[in-house]
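In what follows, a single structure is set out as structure tokens and then discussed.
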Amino acid sequence: MRPPSQYPQEIATEADNEEPDPRLVSMMICTRLAGRAVIRVVGRCNEAKENENLDLSNCQLMQVPDAVYHLMRHTELKTCDLSDNVITKIPPKFAAKFNLITDLNLSHNQMAKLPDECAEMGNLERLDISHNTFISLPNCIFKIPKLRYLNASNNHIVDVEIECLQEAPSLETADFSNNPLAPRIHDQLSNITKIRISLSPREKEDWEDLTI
């Protein structure tokens, strides 16, 4: 039988050799990252109170936190940058709370639609929805009264309502490059003269490559 005095050292050695629980480690890392993200968001909201430009880009956001609406309730924002996050949707209240902004950047997210309430953003002049997952343009975009510039490049847009696009009240420039537009839609967009349209070269259909 071993002397009792050796037990504490042996127990300590065994404890040192134990592998940490990976679930616990992951939880600690996630908590630490979440804490940093919250601090970053609050800090940028405080900056926006001074310069009226809310920059929440690259903040690991899956949505716009309710705290942001609370922190910005007495600030008349001019611009809002939500790019480089993992946001899947914008809630209707976003348009109501931030209806004075002139520039909205939603690029590099995972959005496929916008709420109809965005049509009520009466001062919005520039909208960037590039690098998302839109397969068509939300109807609300055609109704934004002062929208002059639209960047819808690098999405999955196949169809565009040409008549609605042409009837957009203030639209001057629209970028549809790097989208899998249907050939008919691509041709119709190419013929628009009222609006400056940016397009990638149209890929020919298989039957168009046939030679007689």
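In this chain, residues are counted from 1 in sequence order.
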query = Linking I/L/V/M/F/W/Y whenever any side-chain heavy atoms sit under 4.5 Å apart, do L171 and I192 land together?
reply =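 Yes, L171 connects to I192 through the hydrophobic network.
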note = When every non-hydrogen atom of N132 is compared with those of L106, the smallest separation belongs to ND2-O, 3.0 Å
note = Heavy-atom closest pair (P115 atom, C140 atom, distance to 0.1 Å) is O-SG, 3.5 Å
key: R196 side chain to T173 side chain, donor-acceptor N/O pair below 3.5 angstrom   =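 Yes, because at least one side-chain N or O of R196 sits under 3.5 Å from a partner of the opposite role on T173.
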query = Does any donor atom in the side chain of S57 or D84 lie under 3.5 Å from an acceptor atom in the other side chain?
reply = no
Any chance you could measure [X], atom [atom1], to [Y], atom [atom2], to the nearest 0.5 Å?
X: L124; Y: S170; atom1: CG; atom2: OG; answer: 11.0 Å
X: C80; Y: M121; atom1: SG; atom2: CE; answer: 8.0 Å
X: D103; Y: D128; atom1: CG; atom2: CG; answer: 8.5 Å
X: N154; Y: S130; atom1: CG; atom2: OG; answer: 6.5 Å

message = Has N85 got a side-chain atom pairing as donor or acceptor with C59's backbone, closer than 3.5 angstrom?
response = yes
message = With side-chain hydrogen bond (donor to acceptor under 3.5 Å, both in side chains) as the rule and sequence neighbours excluded, what pairs involving residues 155-167 come up?
response =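 Residue pairs passing side-chain hydrogen bond (donor to acceptor under 3.5 Å, both in side chains), neighbours aside: none found.
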query = In terms of the angle between their ring planes, are H108 and H131 parallel, tilted or perpendicular, with boundaries placed at 30° and 60°?
reply =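 Plane angle under 30°, so parallel.
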inquiry  = If the threshold is 4.0 Å, N to carboxylate O, is there a salt bridge linking K78 and E52?
reply    =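 Looking at K78 and E52, the cut-off is met.
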query = Is it true that K93 and D66 make a salt bridge, defined as a side-chain N closer than 4.0 Å to a carboxylate O?
reply =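 Salt bridge: yes.
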